[in-house]
*Asks:* 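Quick one: this structure, given as structure tokens, is what I'll be asking you about.
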Amino acid sequence: MGGSLGCHRSIPKDPTDISCGKRKFSAACNFGHILVYQERLNINTATEEELMTLPGVNRAVAQNIVEYRDCIGGFKKVEDLALVSGIGATKLEAIKLEICVSSRTSSSQHSPSSLRRDLEQQGCTTGININSATPAQLMSIRGVTEKIAKNIVAYRAENGPFKSIEDLVRVNHINSSLLDKIRFQVFVERSRAPSTNTNAGLTCSNKSHPSPTSLSFRSDDLDLPSGGPTQIGSVRPSVEPPPGLRDGKPVVRIATWSLQGCSCDKASNPGVKEVVCMTLLENDIKLLAVQDLLDQEALEKFCVELNQGTLASVRNWKWPRGTWKSVVSEKPDGKVGSCSGFLWDSSSGIELKDVSVLETPVVNGHGPHTYPAMYLAHFLVGSFELTLVNVHVKTTAPQGESNSKNQNKDEVKCQWACPSLQEILKAEKELLVLGDFGSSPQSLELEILRKEKLGALIPSSQFTNISTRSPQGTQCLDNIWVSRSLRKSFSGRCMVVREGLTNPWIPDNWSWGGVASNHCPVVAEFYADVSPKELSMPGIAVVDRRDIMCKHER
């Protein structure tokens with residue numbers, strides 16, 4: 001069939017077509033009722049030059065394909081190509097009939113019968129899994145309305161997982177005609193044993209959908225990759241422009257959020273990026289303490305998104321987004337571990353003075369003890385200086401079980417008996433200790449904070465963890481502790497944010513629509529300028545979502 005270019009052969013030119021050598025034919029051309037298959041380009045073995053013969057693929061995109069292919073060890077299916085920067089769903093649609101996927105060692109030659117068989121097999125594993133899809137994912141199926149999507153979920157909850165696609169006709173408002181229209185957009189996969197970790201590291205099974213974490217979400221390439229819940233817009237909470245005042249006085253909202261193993265790949269996931277950035281904007285958070293960053297550069301990705309607005313939801317935010325800056329700690333002792341950091345809106349009168357990592361002392365010559373990781377920062381907030389101690393405790397006890405059950409009293413006290421922390425607790429007046437404490441505020445290990453007259457703003461009865469299986473949470477792990485002298489500046493508004501923390505593009509075990517982190521943001525509101533005699537300590541109250549409004553001034 002004409003001259004060969006590696007494994008990719010060109011099909012004969014149509015004598016009636018004179019296109020000056022330009023590539024015009026697709027890999028499958030319909031001549032009458034006969035489907036003629038070209039020997040497709042194997043994207044697992046093709047060189048950059050061969051990849052550049054594909055429509056719309058230039059040198060840069062070809063290099064991206066080769067680099068991504070080497071990184072993942074080869075494409076498993078054609079749809080995985082959409083994950084490459086510069087491709088996206090639109091370009092993939094234009095070239096997918098000209099490419100194929102086979103192992104690096106096997107031949108790329110395909111007979112028409114094997115190609116048909118491959119396409120049939122692909123049809124069984126692509127689309128939406130009706131046994132695990134959320135209502136939002138089901139609504140991406142052409143022909144499925146919101147009402148039908150809810151009916152599918154309700155039927156599944158009452159009768160168990162679907163055994164076949166044909167079972168959909170048992171659902172209200174789905175008849176055989178509609179079933180024929182959506183048949184090739186869905187598949188049935190039995191539910192598997194759930195993972196113990198909902199979203200750590202943003203991993204998911206590649207048997208159902210490719211992970212979108214490596215997607216480069218640039219302003220000139222906003223197509224979501226195929227294989228996942230395409231064409232599903234995330235639903236964000238409805239917010240109103242905030243007054244920026246509380247009781248006639250200016251306020252600033254400070255928060256803590258453990259992003260649960262946030263690597264650069266996780267921070268690049270468009271779903272995670274949208275959840276983090278929009279949560280800050282919608283809740284008027286001006287200063288955020290972040291824990292559990294696996295890469296120091298991960299926090300910068302959120303900072304860039306807030307400032308540049310490549311995502312539609314961020315770009316279309318009706319009010320000023322502010323000017324964001326970030327700082328991240330070094331990894332402990334240069335070893336593998338997580339970092340902590342701060343993200344703040346410098347246009348809101350917040351200025352960073354200095355940061356430092358509280359040193360971990362050596363105990364009995366046996367190396368570092370299990371002290372909590374602490375990152376200290378001094379900020380100027382309005383007219384006063386504020387000290388923040390960013391805490392991240394790696395819980396060693398089983399989930400749901402307090403460390404105090406597994407350690408004796410002396411060992412627990414020793415965990416928090418860091419000399420540098422004790423000095424800070426005694427010396428600093430305007431002090432916030434915030435972060436992931438790994439236990440409730442009543443736990444024995446936090447006695448050192450209570451001893452220095454610090455108070456927890458979130459009670460033990462209010463949970464701060466979240467998952468798609470337990471939206472209301474089960475534990476109080478994250479908190480903000482405030483010093484006695486700073487309580488006069490506390491407005492009395494404190495909350496745990498639970499809305500808007502999921503996104504269709506975040507993996508959730510064997511499905512999609514997961515949470516950005518198993519931890520919720522904890523937010524507290526403080527008066528930006530207050531005199532000591534102006535206010536007494538207000539009562540601690542949980543803010544309703546309707547109270548959350550945003551103030552930004554460039």
Side-chain angles (χ1 to χ4, degrees), residues 196-198 200 254-261 288-292 338 340 369-375 388-418 421-422 425 431-467 469-484 486-487 490 492-498 501 515 517-525 537 539-543:
T196 56
N197 192 350
T198 301
I254 301 173
T256 177
W257 197 356
S258 174
L259 293 182
Q260 191 196 6
L288 177 68
V290 180
Q291 303 86 42
D292 208 3
S338 62
S340 297
H369 195 60
T370 55
Y371 289 101
M374 298 187 190
Y375 194 34
L388 275 69
V389 179
N390 191 344
V391 176
H392 180 214
V393 178
K394 293 186 177 181
T395 307
T396 56
Q399 190 173 10
E401 184 177 337
S402 174
N403 287 347
S404 58
K405 294 182 180 180
N406 297 316
Q407 296 171 295
N408 62 47
K409 186 175 181 179
D410 292 337
E411 287 176 335
V412 171
K413 285 186 176 181
C414 184
Q415 268 197 339
W416 283 82
C418 176
L421 174 63
Q422 291 178 326
L425 295 179
L431 175 65
L432 288 179
V433 181
L434 70 175
D436 176 9
F437 295 86
S439 59
S440 73
Q442 295 179 345
S443 298
L444 180 62
E445 51 261 49
L446 302 180
E447 180 63 30
I448 185 173
L449 301 180
R450 289 186 289 270
K451 184 179 179 181
E452 297 300 330
K453 308 301 182 183
L454 272 76
L457 300 185
I458 299 296
S460 299
S461 58
Q462 191 171 357
F463 303 141
T464 65
N465 65 326
I466 189 173
S467 69
R469 288 148 191 80
S470 181
Q472 299 306 314
T474 57
Q475 298 173 289
C476 182
L477 305 177
D478 310 83
N479 221 316
I480 298 178
W481 291 70
V482 57
S483 64
R484 184 168 57 180
L486 189 59
R487 290 191 182 189
F490 178 52
R493 269 55 179 193
C494 186
M495 67 175 178
V496 177
V497 178
R498 290 195 172 275
L501 301 184
V515 293
S517 170
N518 281 354
H519 296 258
C520 297
V522 176
V523 186
E525 186 181 81
M537 175 61 183
I540 297 176
V542 178
V543 175

*Asks:* How far does NZ of K453 sit from CZ of R487, to the nearest 0.5 angstrom?
*Replies:*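 Nearest 0.5 Å value for the NZ-CZ distance: 10.0 Å.
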*Asks:* Decide side chain to side chain contact (heavy atoms under 4.5 Å, CB included) for V497 and M495; before the verdict, give the C-alpha distance in whole Å, the side-chain angles of both, and the deciding distance to 0.1 Å.
*Replies:* CA-CA 6 Å; V497 178; M495 67 175 178; 3.7 Å; yes
*Asks:* Side chains of P441 and W481: does their closest heavy-atom pair fall under 4.5 Å?
*Replies:*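 A side-chain contact under 4.5 Å exists here.
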*Asks:* Do you know the tightest heavy-atom contact between R498 and N465?
*Replies:*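 Reported closest heavy-atom pair: NH1-O, 3.0 Å.
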*Asks:* Got L425 and V433 here, is their nearest side-chain heavy-atom distance under 4.5 Å?
*Replies:*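 A side-chain contact exists here, since the closest heavy-atom pair is under 4.5 Å.
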*Asks:* Looking only at heavy atoms, what is the nearest atom pair of H392 and S340, with distance?
*Replies:*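 Shortest heavy-atom separation between H392 and S340 comes out as CB-OG, 4.2 Å.
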*Asks:* In this structure, which one of V391, N390, V290 forms a side-chain contact (heavy atoms from CB on, under 4.5 Å) with Y375?
*Replies:*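 The passing option is N390.
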*Asks:* Testing the basics here: between A524 and F490, what is the closest heavy-atom pair and its distance to 0.1 Å?
*Replies:*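 In terms of heavy atoms, the two residues are closest at CB-CE1, 4.2 Å.
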*Asks:* To the nearest 0.5 Å, what is the distance between CG (L449) and OG (S483)?
*Replies:*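 OG of S483 is found 11.5 Å from CG of L449.
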*Asks:* Write down the atom of I448, the atom of Q422, and the distance for their closest heavy-atom approach.
*Replies:*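 For I448 versus Q422, the nearest heavy atoms are CD1-CG, 3.7 Å.
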*Asks:* For Q260 and N518, indicate whether the former's side chain and the latter's backbone hold a donor-acceptor pair under 3.5 Å.
*Replies:*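 Such a contact is found between Q260 side chain and N518 backbone.
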*Asks:* If we only count heavy atoms from C-beta on, is the D436 to D292 side-chain gap below 4.5 Å?
*Replies:*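 Side chain of D436 against side chain of D292, heavy atoms only: no contact under 4.5 Å found.
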*Asks:* What residues form a side chain to side chain donor-acceptor pair (under 3.5 Å) with T464, not counting sequence neighbours?
*Replies:*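 T464: side chain to side chain donor-acceptor pair (under 3.5 Å) contacts with D478.
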*Asks:* Do L454 and L431 have side chains that approach each other closer than 4.5 Å (heavy atoms only, starting at C-beta)?
*Replies:*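 Of all side-chain heavy-atom pairs linking L431 with L454, at least one is under 4.5 Å.
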*Asks:* Using 0.5 Å steps for rounding, measure from the CZ atom of F437 to the OG atom of S258.
*Replies:*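 Spacing of CZ (F437) from OG (S258) equals 12.0 Å.
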*Asks:* Would you check if L501 and C520 make a side-chain contact, meaning some heavy-atom pair closer than 4.5 Å?
*Replies:*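 Side chain of L501 against side chain of C520, heavy atoms only: contact under 4.5 Å found.
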*Asks:* Does S470 reach the main-chain N or O of S467 with its side chain, forming a donor-acceptor pair under 3.5 Å?
*Replies:*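 Side chain of S470 to backbone of S467, a donor-acceptor pair under 3.5 Å: no, none is there.
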*Asks:* Return the minimal non-hydrogen interatomic distance between S439 and L446, and the atom names on each side.
*Replies:*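 S439 and L446 have their closest heavy atoms at OG-CD1, 4.2 Å.
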*Asks:* Pick from L288, L388, V523, V482: which one makes a side-chain contact (heavy atoms from CB on, under 4.5 Å) with I254?
*Replies:*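 Passing option: L388.
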*Asks:* Return the minimal non-hydrogen interatomic distance between L434 and A255, and the atom names on each side.
*Replies:*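 Smallest heavy-atom distance, with atoms named: CD1-O, 3.7 Å.
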*Asks:* With a 4.5 Å limit on heavy-atom distance, are the side chains of C476 and Q462 in contact?
*Replies:*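 SC-SC contact between C476 and Q462 ruled out.
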*Asks:* In the structure I gave you, are the side-chain heavy atoms of L477 and H519 within less than 4.5 Å of one another anywhere?
*Replies:*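 In contact.
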*Asks:* CZ of R484: more than 12 outside heavy atoms within 6.0 angstrom?
*Replies:*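 No, not enclosed.
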